[in-house]
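Below is one structure; the comments refer to it alone.
Here is how names work: the chains are called A, B, and so on, in the same order as the sequence lines, proteins then strands, and each is numbered from 1.
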Amino acid sequence: MNKDLTKHHAPGHSACAGCAFPAIVRTVLNEAGENVVVGNATGCLEVTSTLYPYTAWKVPYIHNAFENAAATISGVERAYKILKKKGKVDKKIKFVVFGGDGGTYDIGFQSLSGALERGHDFFYVCYDNGGYMNTGNQRSSATPYGTSTETTPAGKQSFGKMEVRKNLIEIVKAHGVPYAAQANVANLTDLKKKAKKALETEGPTFLLVFSPCTNNWKFPTSQYVNIAKLATETNFWPLYEIENGKYKITYEPNSPKPVAEFLKTQGRFKHLFSEKNKPVLEQIQRMINEEFARIARLAEE
Amino acid sequence: MERGAIIKHDQSKAPKTGNWRYMKPEVDKEKCIGCSTCVGYCPEATIEMKKYKEGQKDKADIDYEYCKGCGVCAEVCPVKAILMKKN
């Protein structure tokens, strides 16, 4: 057991072998230091880290419900501010929320929006595995276009999910937050840098982290780093940050690979490689090029 | 029952997830260059850099009590010093 890495989140949790989010959680919390309160939305992370009578958390940790992780931490943060004003607490405490894409994009969206608007001093980290993986791979609004899931199965009539994923970073940015960024678990140095910046920034900050799911994306347990790397190399998951409204691309592949390289590593996109679904594959490539061009344009301004 | 419904972390109550493992990663200490790439990626944080030989860089060392045998470390190793073997 690595002592430096397990100061906040210890092993013994029941996340799948080869799961990506423990690395995200540890990297982010290592930047937060000792005095940190963690809030958590329902999801894989909550279910796997809190097996009664054991808890993997060595820091104060609150799980309330699926939809109100951000609201819960808002209350904690406000209580802390009042106690500090009264002189009952003198420590500097950081507030971090972890949520999956279900608890952030869909179910916890209103509480996140509310907390961002009220301007609490907290850091929201969303690990995005593109679906409700804990309950068996149902679609969420973070599921990419063309994915085959339990609720959008690919078959004779369908090529999988027909809707485009929600652009959450843009929505968060529209709240006027001082810092929002997109990171990838395969690039831990970049993730560390962004977490540090977000934690140092006063006010609500947001980080969206790419987190491959071995079970429901259907790839071998050893592959999460390789697949996450490919997501950035193909511009499927560009790494950028928005600081006070200013865009900056933090990593740009020299020559982006075709997105098919990323898609073919996973079982959930297997159906896209049939003759019938060729237009879908081309559409995905087009959408990715457009999205990256949009971010690049904004970063140049 | 815990007072106030607060559960304290106690490592001794942790399930020993090492028994999930069917493939066992083994570090070839002679080959390991001590770059510590594998350390951060291990989902269980089981890898620690430990002293191996005098005058040499610290080498990767795996805690088999919690290692689930996913094989991520073997995959990310730049010199392929970690091999997955039958448990």
Side-chain angles (χ1 to χ4, degrees), chain A residues 1-30 44-45 48-63 185-189 191-192 211-212 214-215 219-229, chain B residues 1-27 35-50 58-78 80 82-85 87:
Chain A
M1 184 164 89
N2 190 308
K3 290 214 171 57
D4 291 333
L5 287 176
T6 54
K7 279 181 199 148
H8 306 87
H9 187 258
H13 59 80
S14 65
C16 303
C19 178
F21 64 64
I24 300 172
V25 169
R26 282 193 301 263
T27 311
V28 168
L29 288 182
N30 264 14
C44 282
L45 177 63
T48 58
S49 62
T50 55
L51 291 164
Y52 188 81
Y54 175 66
T55 169
W57 299 92
K58 294 182 174 178
V59 287
Y61 167 90
I62 313 168
H63 162 250
V185 64
N187 196 336
L188 289 179
T189 4
L191 173 61
K192 209 182 266 182
S211 171
T214 158
N215 221 3
F219 61 81
T221 56
S222 59
Q223 295 299 320
Y224 92 77
V225 180
N226 294 347
I227 286 173
K229 250 183 207 150
Chain B
M1 278 298 281
E2 282 82 5
R3 233 178 88 234
I6 293 169
I7 302 170
K8 279 255 159 68
H9 171 81
D10 180 359
Q11 197 66 48
S12 65
K13 283 185 189 162
K16 300 282 177 276
T17 51
N19 59 15
W20 291 26
R21 190 175 59 235
Y22 65 95
M23 291 292 270
K24 189 179 183 185
E26 269 173 23
V27 185
C35 67
S36 67
T37 308
C38 52
V39 175
Y41 288 125
C42 172
E44 318 308 314
T46 57
I47 309 174
E48 209 166 1
M49 301 310 284
K50 272 195 183 149
D58 289 356
K59 303 285 168 96
D61 188 82
I62 299 170
D63 177 359
Y64 294 109
E65 204 170 13
Y66 294 107
C67 168
K68 290 172 184 164
C70 61
V72 167
C73 50
E75 199 60 44
V76 297
C77 179
K80 300 282 163 244
I82 305 177
L83 283 180
M84 298 303 289
K85 290 190 178 148
N87 205 14

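- With a 4.5 Å cut-off on side-chain heavy atoms, A:Asn226 and B:Glu75 count as touching.
- No part of A:Ala20 comes within reach of chain B, as not one of its non-hydrogen atoms sits under 4.5 angstrom from that chain.
- Of the listed residues (B:Gly69, B:Cys67, B:Ala14, B:Gly18), the one with the most heavy-atom contacts under 4.5 Å to chain A is B:Ala14.
- Looking at B:Cys73, there are no atoms closer than 4.5 Å to chain A (heavy atoms on both sides), in backbone or side chain.
- Of all the listed residues (A:Thr214, A:Asn2, A:Ile24, A:Val185), the one sharing the greatest number of non-hydrogen pairs under 4.5 Å with chain B is A:Asn2.
- B:Pro43 is not listed as a side-chain neighbour of B:Lys68, based on a closest heavy-atom distance of 4.5 Å or more.
- Using a 4.5 Å heavy-atom cutoff, the side chains of A:Thr48 and A:Phe21 are in contact.
- Taking A:Met1 as the reference, A:Thr6, A:Pro11, B:Gln11, B:Asp63, B:Tyr66 meet the side chain to side chain contact (heavy atoms under 4.5 Å, CB included) condition, with sequence neighbours excluded.
- Taking the six-membered ring where the residue is Trp, the centroids of A:Trp57 and A:His8 are separated by 6.0 Å or more.
- In terms of heavy-atom pairs under 4.5 angstrom with chain A, the leader among B:Arg21, B:Met23, B:His9 is B:His9.
- Contact count versus chain B (heavy atoms, under 4.5 Å) is highest, among A:Gln223, A:Lys229, A:His13, for A:His13.
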